[in-house]
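Report on the structure given below.
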There are 4 protein chains.
Amino acid sequence: MSTTLSPRSDTRSRIITVALELFAENGYEKTSLREIADRLGVTKAALYYHFKTKDDIVHGIVEAMAQPIDEAIAWGEKQPWSPEVRDELVRRFAAGMVERAPLLRFFHENQPALRGSPSGHEFKQRMIGMIRLVHGPNASFDDRLRATMALFSVNSALFLLKQDLDDDGAHPAQCEETATLEQAVAASLTVALEIAGRIEPGAA
Amino acid sequence: MSTTLSPRSDTRSRIITVALELFAENGYEKTSLREIADRLGVTKAALYYHFKTKDDIVHGIVEAMAQPIDEAIAWGEKQPWSPEVRDELVRRFAAGMVERAPLLRFFHENQPALRGSPSGHEFKQRMIGMIRLVHGPNASFDDRLRATMALFSVNSALFLLKQDLDDDGAHPAQCEETATLEQAVAASLTVALEIAGRIEPGAA
Amino acid sequence: MSTTLSPRSDTRSRIITVALELFAENGYEKTSLREIADRLGVTKAALYYHFKTKDDIVHGIVEAMAQPIDEAIAWGEKQPWSPEVRDELVRRFAAGMVERAPLLRFFHENQPALRGSPSGHEFKQRMIGMIRLVHGPNASFDDRLRATMALFSVNSALFLLKQDLDDDGAHPAQCEETATLEQAVAASLTVALEIAGRIEPGAA
Amino acid sequence: MSTTLSPRSDTRSRIITVALELFAENGYEKTSLREIADRLGVTKAALYYHFKTKDDIVHGIVEAMAQPIDEAIAWGEKQPWSPEVRDELVRRFAAGMVERAPLLRFFHENQPALRGSPSGHEFKQRMIGMIRLVHGPNASFDDRLRATMALFSVNSALFLLKQDLDDDGAHPAQCEETATLEQAVAASLTVALEIAGRIEPGAA
DNA sequence: CATGAATGAGTCTTCATTCAT
DNA sequence: GATGAATGAAGACTCATTCAT
């Protein structure tokens, strides 16, 4: 009769999953609630039983997916800044985001829709928090930019990967073989650490 | 009575300017033709005299704004790849994009809308061309990622700058002074060259 | 442990009270069952345990609140018409309606919603019955109108009172002090009796 | 090529006519834009070409129909208050409203919908203005109530008339013959003047 | 060159209602 | 007595697009 740690409801989390999928693939604006409902085999009205508004679904997504970031932030806030901490943060972020690639993509590619949305803001704050921890206190604009790019690295890698797949083999020996997801992520981490490595300790 | 190099029509180019402004600021989907028309003081129908469809406006934008990229590409294609050429390409791209920041922002933040749009594809091809020239032949995935990020650097800098402006000074001595546009661009170039600098000549 | 004259159920009568409040304040159409349920701290479904439909709640309201009218009607039907009876009916109606002001307001301001509703009809029949008793048999249209207006007088007074409250003192010495509820009701009775006083015994 | 005094557009005024008809008959909330559009043989979207919102249609109605009231108010404001002016105002209002009966009915029976609507407020202000002119300065609550009821008299007469028609002859010799519209209006004026006649000159 | 009028398809959202538990 | 989950129908509104003038 009782499940340990029962999710708020099955439908609710299925909505979150499917919505993120569609939002990431087709964009927030181009994804209608009908599409989400159809793919789930329920009615639009059912969505409204679980979420007050379309934007509230985004809220649900963030709430359900941002945990690794929150943990990384929580951890980072307890450490005094050091190059090691910095690198560890980058690593943790990358690790957490690999399986959540759609979340990052959604966030990056839907800024206009998220601008002015409370839930969009919510996630942006987390990103900004991470960035701040990575570059540490008293950072120059250069270093803040490095921190930003280091974290966005995963995203660029995913962009590139997607490009390769869309071309499906149409690149004539110009480049090497198409990378796998794992390779892409590895590359993203390599480059991210390179970039972050140039961040200099805050000038007192 | 006669303009040297008269543009196809004044209204036409005003539409392009205003549309890009709005697309960049509010997003492609959230910008209606009515808004564009209103801001220009004409009717929606007038837009249809100059452009066949909403997407066609994007086409017009790209056509009107991508020139510097095209020139950089044209130049780059004639040079054999070398670290100097690579850096010069990065510099030219940055130089060209500073005044066209909205274009880049529009491109980055509206992927979902642009996906599936002929005009979106058009611009993406140019970006891919640039990336390819920057990393040169036979590049590893790592290097292609570096090239990509070097070019996207401007965009990250602009993202950061916008964040600062939105907070308007609410960050308590945590970071240095808010940067100016020029400083931001300079930083973006610095970092871009750092990243590109790690690209290694195509191995065997 | 036992209430004399226990109501059908406590929740049931709380629903009636709250529903009438909301119906009177915000209108029948603009009041959703969710609102009623929320204000009571129960679920919509709970309402359906006590009432078959939304309209059935109106039925419940009328049933619970129209008693004084019914009694006045019952009394009036036993008396032969006379000016004294007429005045007494007006007085009884006014007396009964003061504490039931929301009922009257609801009835007056929601005609469109009540039209076509069985429960709306129910109440209207009572009003018509009252009117008929007030003007007595063989009344001219003028007298029927007088009877109608005499009874609706309370409502107009309440309308006026509400207006005053909404303006909260913004009328610059144009009128006297804002009246209290008691004064308003007293005025309404004065005027009602004036109007009814002109009703002439059924001619011929 | 040019019509003197051409209406803003034919469709526009047809919308106003039909909308008022339906609003008065079925209520504001129960009248959907589809209904209005259907009855006009156009699409919902066409309505939105002429009116920004459903409420804006009400605004249009008031603007188009309230002229007689405005004129009466304008006239009344120029006269010093006197019993003759008072009666004349009542007469003018009645005269103006007969052909606009639906407007008054709409206003009376849709308070909840109009509450909070700018256009509803607009009309209410006019009514309040009229009332104020009828009772004159320094009026007691009683007199303000008389003024109000005098003006609402038409409405009550119409209510009564409608009742008679709905019963279609089911009243068993209880009352006289059903009145005609003209008789009803005449009665309403008679009673209105009676009521207004009791208004006493403001107590200096 | 441009407008006024209109459309069709689709969006998000709300509501009364139902039913298994 | 009451709830959680879901539905079907409908509503207001927006948008890109068309076309006669």
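Proteins get letters first, then strands, A, B, ... in listed order; numbering begins at 1 in each. Not measured: the values here are computed from a predicted model.
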Seminar exercise, completed: Symbol by symbol from the 5' end, with Watson-Crick or G-U pairs under 3.5 Å, [ ] crossing and | another strand, DNA chain E is .||||||||||||||||||||

Exercise. For A:G41 and C:T43, take the nucleotide of DNA chain F holding the closest heavy atom to each; which residue's nucleotide lies nearer the 5' end?
Worked result: C:T43

Exercise. Start at the 5' end of DNA chain F and walk down; is the nucleotide closest to C:Y49 or to A:Y49 reached first?
Worked result: C:Y49

Distance-only, no hydrogens or angles: does the [X] side chain make a donor-acceptor pair with backbone N or O of [Y] under 3.5 Å?
{"X": "D:R126", "Y": "D:I69", "value": "no"}
{"X": "A:R14", "Y": "A:L40", "value": "yes"}
{"X": "A:E25", "Y": "A:L22", "value": "no"}
{"X": "B:E35", "Y": "B:S32", "value": "yes"}
{"X": "A:R115", "Y": "A:N110", "value": "no"}

Exercise. Counting heavy atoms not belonging to B:Q67, are there more than 12 under 6.0 Å from its CD?
Worked result: no

Exercise. So, are A:E109 and A:K30 salt-bridged, with charged N and O less than 4.0 Å apart?
Worked result: no

Tell me, do [X] and [Y] make a side-chain contact under 4.5 Å, heavy atoms counted?
{"X": "D:T43", "Y": "D:Y48", "answer": "no"}
{"X": "B:M65", "Y": "B:L20", "answer": "yes"}
{"X": "B:K162", "Y": "B:R105", "answer": "yes"}
{"X": "B:P112", "Y": "A:N26", "answer": "no"}
{"X": "D:V62", "Y": "D:F107", "answer": "no"}

Exercise. With respect to the phosphate group of F:dG1, does any side-chain polar atom (N or O) of C:T11 fall under 4.0 Å of OP1 or OP2?
Worked result: no

For this session: Answer yes or no: does a side-chain N or O of D:H50 lie under 4.0 Å from OP1 or OP2 of E:dG4?
Result: no

Exercise. Is there a residue in residues 106-124 of chain A whose heavy atoms reach under 4.0 Å of DNA chain E, and which residues are they?
Worked result: none

For this session: Tell me which residues in residues 15-27 of chain B put a heavy atom below 4.0 Å from DNA chain E, sorted by number, or none.
Result: none

To the nearest Å, give me how far apart [atom1] ([X]) and [atom2] ([N]) are.
{"X": "D:L47", "N": "E:dG8", "atom1": "CG", "atom2": "C1'", "answer": "14 Å"}
{"X": "C:F51", "N": "E:dA16", "atom1": "CZ", "atom2": "C1'", "answer": "15 Å"}
{"X": "D:D56", "N": "F:dA12", "atom1": "CG", "atom2": "P", "answer": "14 Å"}
{"X": "C:L40", "N": "F:dT3", "atom1": "CG", "atom2": "P", "answer": "10 Å"}

Seminar exercise, completed: Applying ring pair (Phe, Tyr, Trp, His ring centres under 6.0 Å) to B:F159 and not counting sequence neighbours gives A:F152

Exercise. Say you pick atom P in E:dC1 and the same atom in F:dT21; how far apart are they, in whole Å?
Worked result: 23 Å

Identify every side-chain donor-acceptor pair in residues 53-61 of chain C under 3.5 Å, counting partners at least two apart or on other chains, and give the distances.
{"from": "C:T53", "atom 1": "OG1", "to": "C:D55", "atom 2": "N", "distance (Å)": "3.0"}
{"from": "C:T53", "atom 1": "OG1", "to": "C:D56", "atom 2": "N", "distance (Å)": "3.0"}
{"from": "C:K54", "atom 1": "NZ", "to": "C:Y28", "atom 2": "O", "distance (Å)": "2.8"}
{"from": "C:K54", "atom 1": "NZ", "to": "C:T31", "atom 2": "O", "distance (Å)": "2.9"}
{"from": "C:D55", "atom 1": "OD1", "to": "C:S117", "atom 2": "OG", "distance (Å)": "2.6"}
{"from": "C:D55", "atom 1": "OD2", "to": "C:S119", "atom 2": "OG", "distance (Å)": "2.8"}
{"from": "C:D56", "atom 1": "OD2", "to": "C:K52", "atom 2": "N", "distance (Å)": "3.1"}
{"from": "C:H59", "atom 1": "ND1", "to": "C:E122", "atom 2": "OE1", "distance (Å)": "2.9"}
{"from": "C:H59", "atom 1": "ND1", "to": "C:E122", "atom 2": "OE2", "distance (Å)": "3.3"}

For this session: At under 4.0 Å between heavy atoms, which parts of nucleotides 13-20 of chain F does protein reach? Answer with one letter per nucleotide, 5' to 3': B base, S sugar-phosphate only, - none.
Result: BBBBBBB-

